[in-house]
Protein chains: 2
Amino acid sequence: MATLRQLEYLVTVVDTGSFTRAAEQLHVTQPALSHQMRALEAAVGGPLLERLPRSVRLTPMGRAVLPHARAALAEAERLHTVARRTAGLEEGELEVAAIYSVSLGILPPVLRAWRRLHPGVRIRLREYPHADLLRAAMAAGRADVAIGPVPDGWEGPIRELGVEEFAVVLPVDDPLADSPTGTVALAELADRDWVHYAPGNGLADLLDHVAAQVGFHPRAAVRAEQTSAAPLLAAAGLGPALVPANIVPPHFDGAVLRPHPPVRRTLAAYTRTRPDALTVAFADLVVGVGCVDPAG
Amino acid sequence: MATLRQLEYLVTVVDTGSFTRAAEQLHVTQPALSHQMRALEAAVGGPLLERLPRSVRLTPMGRAVLPHARAALAEAERLHTVARRTAGLEEGELEVAAIYSVSLGILPPVLRAWRRLHPGVRIRLREYPHADLLRAAMAAGRADVAIGPVPDGWEGPIRELGVEEFAVVLPVDDPLADSPTGTVALAELADRDWVHYAPGNGLADLLDHVAAQVGFHPRAAVRAEQTSAAPLLAAAGLGPALVPANIVPPHFDGAVLRPHPPVRRTLAAYTRTRPDALTVAFADLVVGVGCVDPAG
DNA sequence: GTCAGCGATAAAATCTGCTCATGGCAACGC
DNA sequence: GCGTTGCCATGAGCAGATTTTATCGCTGAC
């Protein structure tokens with residue numbers, strides 16, 4: 001197989017019209033160049049250059065080969081350029097993994113800021129319904145960076161984003177909607193049919209766990225497949241919903257109350273042990289822009 | 001700069017998903033491959049692969065670089081393919097030099113046959129008005145093969161095609177047109193105004209030379225720039241013309257006579273000393289197909 | 001806890017690329 | 001015609017690059 005060095009020699013000989021001038025331009029001696037041209041001709045199986053007394057000339061085979069030599073060199077040069085640009089955060093593709101609520105809450109402003117700062121870097125987002133799935137995907141190398149609940153026993157860098165507060169959503173005409181303190185006791189919702197979450201969604205586990213701690217098991221009026229549907233269904237009267245506060249849209253047509261006891265979880269951006277520059281830059285931006293506002 | 005070998009290693013690791021399997025596939029040991037991957041990463045300035053416990057994973061930089069690595073390898077492979085095909089006469093480009101009359105007479109059937117036999121090989125034709133220009137171009141390396149009058153003192157291979165006969169063209173109503181022997185004595189045309197050739201056209205020299213040998217200097221009624229125009233102008237009555245017999249079109253509307261004394265020149269296909277396979281194949285075909293019919 | 005899977009590292013062996021020296025051929029100038 | 005210059009080819013030797021062999025360290029599975 002031809003080497004890129006040999007191809008570089010060929011192209012330079014053709015462009016300069018002589019072995020001697022090509023050797024000068026490439027800062028090697030003429031015999032080195034002569035020898036490599038011979039080796040290349042042996043590798044491709046025939047003469048590429050005709051040596052005339054005062055010049056060189058491409059053979060038909062040489063003429064056929066030359067554009068491909070140029071293209072290979074161009075691609076090799078381009079990969080260096082692309083690598084440099086990726087290192088300089090000007091180009092590349094990041095794989096981000098997040099749980100559903102993060103995609104709805106924290107990520108939009110983060111991605112907006114990222115696009116402004118690094119317009120040449122693409123983001124590929126994968127969403128996971130459950131923190132355990134997120135963690136497993138990250139451990140298996142399916143993403144460069146994960147954003148979600150703090151993973152227990154994780155060995156790579158973890159950057160905390162703050163505490164994600166949960167809210168109870170009720171229709172505005174619910175008897176409990178007008179609480180003067182803006183809070184609602186979870187125990188008062190023990191007999192309600194809830195807007196629950198589909199199995200496998202981490203919020204289903206969380207709701208069950210929270211209710212168990214208060215002493216009840218929430219009956220499901222409906223199991224929302226999409227996290228973002230929960231507040232809408234609750235406002236429509238299907239039942240209370242426990243949702244991350246920051247996913248409730250602005251100008252929301254429903255009652256948003258703080259649960260008592262409070263329901264919280266800490267969110268973090270985390271990577272595996274030795275993240276590359278682009279991944280680090282993104283995680284930094286998430287920490288800077290993606291802080292969690294407890295009650296939006 | 002990255003080497004093609006390193007790029008091949010990278011692509012194979014990514015495609016097989018492991019260093020060990022890639023090393024097997026490439027018939028090298030795993031440490032060699034490991035070391036070269038490190039070298040490549042040093043060359044491009046950052047990590048391309050993330051080493052996970054049971055797998056490897058591309059970094060963002062690796063993902064950016066990979067398509068260019070593939071492309072460089074593809075171009076290098078393509079140049080080998082193209083070289084092989086050129087050697088096998090399946091592909092390539094030949095540069096043919098010929099004098100004007102050859103382009104009109106011998107070459108059309110030759111090129112037709114060539115295209116049938118080697119449809120993938122392109123021909124680039126350069127025409128010269130004068131045998132000396134043809135020879136000079138050939139010596140200077142401006143073509144792979146030349147077709148024209150035999151060059152004196154040429155050191156490369158010369159393949160003779162036969163003798164090109166000249167004819168005198170007159171209008172059909174010329175008093176000399178009805179010669180019972182089909183011949184005309186050049187001396188009888190001494191006082192005529194001739195369809196001559198433009199200066200620089202080898203046929204101008206030839207006509208002057210032939211006339212001088214018979215004892216006259218041809219006055220020019222017109223100097224044809226295009227060799228192929230001469231018989232047409234003669235048939236139209238502008239004056240006699242001396243033309244290669246084989247460039248007179250079939251069903252020609254004029255009188256075509258053999259001059260006395262006969263005018264001839266030997267044609268040949270010739271190359272420089274060590275022609276490549278494609279050039280040899282073409283010259284062989286010219287010899288086989290391009291024989292000169294004295295009165296075709 | 002043991003073993004298998006897997007990549008990294010070091011030292012030794014082998015290969016490759018380059019330099020220096022020289023030769024051969026052609027063109028040019030005197 | 002002779003000497004000089006221009007230019008590529010070839011051979012020998014050397015240094016650096018690549019590969020192999022041996023071994024280590026880490027992780028996951030049983």
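Residue numbers start from 1 in every chain, and the chains themselves are labelled A, B, ... in the order their sequence lines are given, proteins ahead of strands.
We find that CD of B/Glu24 is positioned 16 Å from C1' of D/dT20, with the value rounded to whole Å. A straight line from CG of B/Leu40 to C1' of D/dT19 spans 17 Å, rounded to a whole angstrom. Residue B/Leu52 contributes atom CG, which lies 19 Å from atom P of C/dG5 at whole-angstrom precision. When the C1' atom of D/dT10 is taken as reference, atom CE of A/Met37 falls 16 Å away, rounded to whole Å. As a whole-Å value, the separation of A/Arg57 CZ from D/dC8 C1' is 18 Å. One interatomic measurement links the two molecules: CG of A/Leu49 to C1' of D/dA9, which rounds to 14 Å at whole-angstrom precision. Here the C1' atom of nucleotide D/dT19 and the CG atom of B/Leu26 are 13 Å apart, to the nearest Å.
Within 4.0 Å of B/Thr20, counting heavy atoms only, lie sugar-phosphate atoms of the nucleic acid but no base atom. Note on A/Ser18: only backbone sugar-phosphate atoms sit closer than 4.0 angstrom, heavy atoms only; bases stay farther off.
Here the straight-line distance linking atom OG1 of B/Thr273 with atom CZ of A/Arg51 works out to 14.0 Å at 0.5 Å rounding. The distance from atom CD of B/Glu8 to atom CG of B/Leu33, rounded to the nearest 0.5 Å, is 10.0 Å. One finds the CZ atom of B/Arg57 at 4.0 Å from the CG atom of A/Asp144 (value rounded to the nearest 0.5 Å). B/Thr59 OG1 to A/Glu93 CD: the interatomic distance, rounded to the nearest 0.5 Å, is 11.5 Å.
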For nucleotides 11-19 of chain C, give me every protein contact, N/O to N/O, under 3.5 Å, one pair per line with atom names.
| unit_1 | atom_1 | unit_2 | atom_2 | d |
| --- | --- | --- | --- | --- |
| C/dC18 | OP1 | A/Arg5 | NE | 3.2 |
| C/dC18 | OP1 | A/Tyr9 | OH | 3.1 |
| C/dC18 | OP2 | A/Tyr9 | OH | 3.0 |
| C/dT19 | OP2 | A/Thr29 | N | 2.7 |
| C/dT19 | OP2 | A/Thr29 | OG1 | 2.9 |

Protein-nucleotides 26-30 of chain C N/O pairs under 3.5 Å:
| unit_1 | atom_1 | unit_2 | atom_2 | d |
| --- | --- | --- | --- | --- |
| C/dA27 | O4' | A/Arg54 | NH2 | 3.4 |

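Residues A/His130 and A/Asp205 have side chains that bring a donor and an acceptor to within less than 3.5 angstrom of each other. When only modelled atom types and interatomic distance are considered, A/Glu91 and A/Thr86 share no side-chain donor-acceptor pair under 3.5 Å.
Residue pairs satisfying the salt bridge (charged side-chain N to carboxylate O under 4.0 Å, His left out) criterion with at least one member in residues 273-288 of chain A, sequence neighbours excluded, are listed as follows: A/Arg159-A/Asp284.
Side-chain N/O atoms of A/Arg51 include one lying less than 4.0 angstrom from OP1 or OP2 on D/dA9.
Within 6.0 Å of CZ in B/Arg124 there are 12 or fewer heavy atoms belonging to other residues, nucleotides or ligands.
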List the steps and the verdict of side-chain contact (heavy atoms from CB on, under 4.5 Å) for B/Tyr270 and B/Val145. CA-CA 6 Å; B/Tyr270 58 98; B/Val145 53; over 6 Å; no
